[in-house]
Amino acid sequence: MKTVALAGTFDTKREELLYVKNLLEQLGLSVFTIHTGVFEAGISVDVANTEIAEAAGEDMKALAEKRDRAKATAVLASGLAKILPRLYAEQRFDGVLSFGGSGGTSLVTPAMRALPIGVPKVMVSTMASGNVAPYVGTSDIIMIPSIVDVAGLNEISRTIFRNAVLVTAGLLRLRDELPAEEGAKKPLVAATMFGVTTPCVNFAREALERHGYDVLVFHATGTGGKTMESLIASGYFKGVLDLTTTEWCDELVGGVLAAGPHRSEAAVLGGVPQVVSVGAVDMVNFGAPETVPAQFAGRTFYQHNPTVTLMRTSVEENVAVAAKLAEKLNMAEHAGRSVLLLPMQGVSMLDAEGQAFYGPEEDAALFGTLREKVDPAKTEIVAMDCHINDREFAEAAAERLVQMMEAQR
């Protein structure tokens, strides 16, 4: 029998949660109850709020007496994120379902994100019709708009609750109905791509597939980089082909596709073999032309489409990007796990002779700073007299990564 972890504030939403619990049981599912509220649940639950608070190093009774909701929510979110993965590892449940407003969503989703990809995670929330990135992050949480507040049972809330129960039940009970995938499971390689580095990554992917690897390509649009970093840290990949590191341009200059300050760390810190390059670091991304900040007036722009405006990075910005990439590569504790491959004839489709972002001076600043600041004892630098989208460059990157992965077997 499959088991659903039903997490919620049983002190304030007991009626709604018990209604959902009954629906799940009618479908033949076992229910594992987790109380995430500040005060006593009022019924017997499998995991009490006292246990959650204790996992965060706090006393629930003392928290309740302070009546500081923000503090209590932060503590319970921290504690739940610690114990939910442990409970899953102990096979106490197979999937998790929760309901809440902004507070309940902020409390439970961090714990959902801490579960492995593939574990069913369903969140019914008043926040699901807006920007869900703060709640979903790089996980596979399914967000369902509650339409009305999660407060009481009525015609609409019952419909939404029933749909959420059916979604959860389907995820748990029908997953075994699909036939197993044919063929042996292949080792995975992560790769980063942008529209202007697509030929390079396609050539490299084909080469890696010929060697028996499956390649997962991440679009370097901020979320793509964050997701890749998360999966690398979780141990999904045998190697990384991080050829498109353009997200650093947006992070450092102020574009809209930044991947955060921890980009380029997971493979380095985990000792995962990687080949890194500087794909698309000739550009910063903005929205429609009118959204470009006034401070960039007079710069070189390229209208990629009506909603995407690209700005050519300057010499100074290339120096900053190179210094940051060097900083990340120099974090390595394992020598010989990273290779930095430099395409001396251009870093994107637009950075080629006759194209909008052709910039020998900017590229020279980029390559020179990398050579100056990357520690050769930790990362080998290989310069190739190629454009990044040349087949020769792409296949060299793939072959070098294969050599490094095979050496670790």
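Given the structure is predicted, the values throughout are model-derived calculations rather than measurements.
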NZ/K13: more than 12 non-hydrogen atoms of other groups inside 6.0 Å: yes
Should the pair F32 and F93 be assigned to parallel (<30°), tilted (30 to 60°) or perpendicular (>60°) ring geometry? parallel
Under the criterion side chain to side chain donor-acceptor pair (under 3.5 Å), I'd like the reasoning laid out for K82 against S78: C-alpha separation, chi angles, the key distance, then a yes or no. CA-CA 7 Å; K82 288 182 172 67; S78 174; 3.1 Å; yes
Does any N or O in the side chain of S125 come within less than 3.5 Å of the main-chain N or O of M127, such that one atom is a donor and the other an acceptor? yes
For T379 and P376, indicate whether the former's side chain and the latter's backbone hold a donor-acceptor pair under 3.5 Å. no
Can you tell me how far apart CE (M331) and OG (S338) are? Round to the nearest 0.5 Å. 11.5 Å
Looking at side-chain heavy atoms only, is the closest gap between V75 and L63 below 4.5 Å? yes
Inspect the surroundings of CD in E290 and state if more than 12 heavy atoms from other residues, nucleotides or ligands are less than 6.0 Å away. yes
Restricting to non-hydrogen atoms, name the atom on G100 and the atom on M123 that form the minimum distance, rounded to 0.1 Å. N-CE, 3.5 Å
If I compare all heavy atoms of L27 with all of L166, which pair ends up nearest, and what's the gap? CD1-CD2, 4.2 Å
Pairwise side-chain contact, T300 with F357, heavy-atom cut-off 4.5 Å (strictly under): yes
Residues K378, E333: salt bridge by 4.0 Å N-O rule: no
Lys/Arg-Asp/Glu bridge criterion (N-O < 4.0 Å) met for E247, K328: no
Contact summary for A266 and A233, nearest pair of heavy atoms: CB-N, 4.0 Å
Among D351, D363, N389, D385, which residue meets the side-chain hydrogen bond (donor to acceptor under 3.5 Å, both in side chains) test with Q345? D385
Hey, is CD on Q295 packed in by over 12 heavy atoms from elsewhere, all under 6.0 Å? yes
Steps toward side chain to side chain donor-acceptor pair (under 3.5 Å) verdict (H211, E399): CA-CA 9 Å; H211 283 282; E399 293 297 330; 3.1 Å; yes
Going by the angle between their ring planes, with limits at 30° and 60°, are F194 and H219 parallel, tilted or perpendicular? tilted
I'd like to know if the side chain of S106 and the backbone of S102 have a donor-acceptor N/O pair within less than 3.5 Å. yes
Between the side chain of D242 and the main-chain N/O of S277, is any donor-acceptor distance below 3.5 Å? no
If I compare all heavy atoms of A352 with all of Y358, which pair ends up nearest, and what's the gap? O-CB, 3.2 Å
Would you say that more than 12 heavy atoms from the other residues, nucleotides or ligands in this model lie under 6.0 Å from the CD of E361, or not? no
Side chains of N163 and I144 in contact at under 4.5 Å (non-hydrogen atoms): no
Heavy-atom check, side chain of V31 versus side chain of V20, under 4.5 Å: no
Count the heavy atoms belonging to other residues, nucleotides or ligands that lie under 6.0 Å from CZ of R162, then report whether that count exceeds 12. no
Evaluate side-chain contact (heavy atoms from CB on, under 4.5 Å) for F99 paired with I160, printing each intermediate quantity in order. CA-CA 10 Å; F99 302 78; I160 301 302; 6.0 Å; no
Between Y135 and I141 the two heavy atoms that sit nearest each other are O-CD1, 3.6 Å
Run the numbers on K226 and E265 for salt bridge (charged side-chain N to carboxylate O under 4.0 Å, His left out), then give the verdict. CA-CA 11 Å; K226 290 178 183 178; E265 289 184 1; over 6 Å; no
Of all the heavy-atom pairs spanning M112 and S98, show the shortest one and how long it is. CE-CB, 4.0 Å
In plain terms, say whether E317 and R299 are close enough for a salt bridge, that is, a side-chain N and a carboxylate O under 4.0 Å apart. yes
Look at the aromatic rings of F161 and Y19 and report parallel, tilted or perpendicular, splitting at 30° and 60°. tilted
Hey, are D140 and K121 close enough for a salt bridge, meaning a charged N less than 4.0 Å from a carboxylate O? yes
Indicate yes or no: does E395 engage R210 in a salt bridge with an N to O separation below 4.0 Å. yes
Could you walk me through whether N330 and D375 pass side chain to side chain donor-acceptor pair (under 3.5 Å), step by step? CA-CA 6 Å; N330 291 344; D375 183 351; 6.0 Å; no
Side chain of T309, backbone of G287: donor and acceptor closer than 3.5 Å? yes
Within the distance-only criterion (no hydrogens, no angle test), does the side chain of T246 pair as donor or acceptor with the backbone N or O of A280 below 3.5 angstrom? yes
Using the benzene-type ring in the case of Trp, are the ring centres of F296 and F286 under 6.0 Å apart? yes
NZ/NE/NH1/NH2 to OD/OE distance under 4.0 Å, R400 and E380: yes
Between T12 and F39, is there a side-chain heavy-atom distance shorter than 4.5 Å? no
I'd like to know if the side chain of T313 reaches the main chain of V281, judged simply by a donor and an acceptor atom lying under 3.5 Å from each other, with no hydrogens or angles considered. yes
Cationic N near anionic O, under 4.0 Å, D46 to R92: no
So does E229 pair up with R263, basic N to acidic O under 4.0 Å? yes
In this structure, are over 12 heavy atoms from other groups packed under 6.0 Å from E54 atom CD? no
Is the backbone N or O of L107 less than 3.5 Å from a side-chain atom of T73, with the two atoms forming a donor-acceptor pair by type? no
E392 atom CD: more than 12 heavy-atom contacts under 6.0 Å: no
Taking the side chain as C-beta and beyond, is there a heavy-atom pair between L325 and L370 under 4.5 Å? yes
Quick one: does T168's side chain have a donor or acceptor within less than 3.5 Å of a partner on A164's backbone? yes
So does A365 get a backbone contact from the side chain of N318, meaning a donor-acceptor N/O pair under 3.5 Å? no
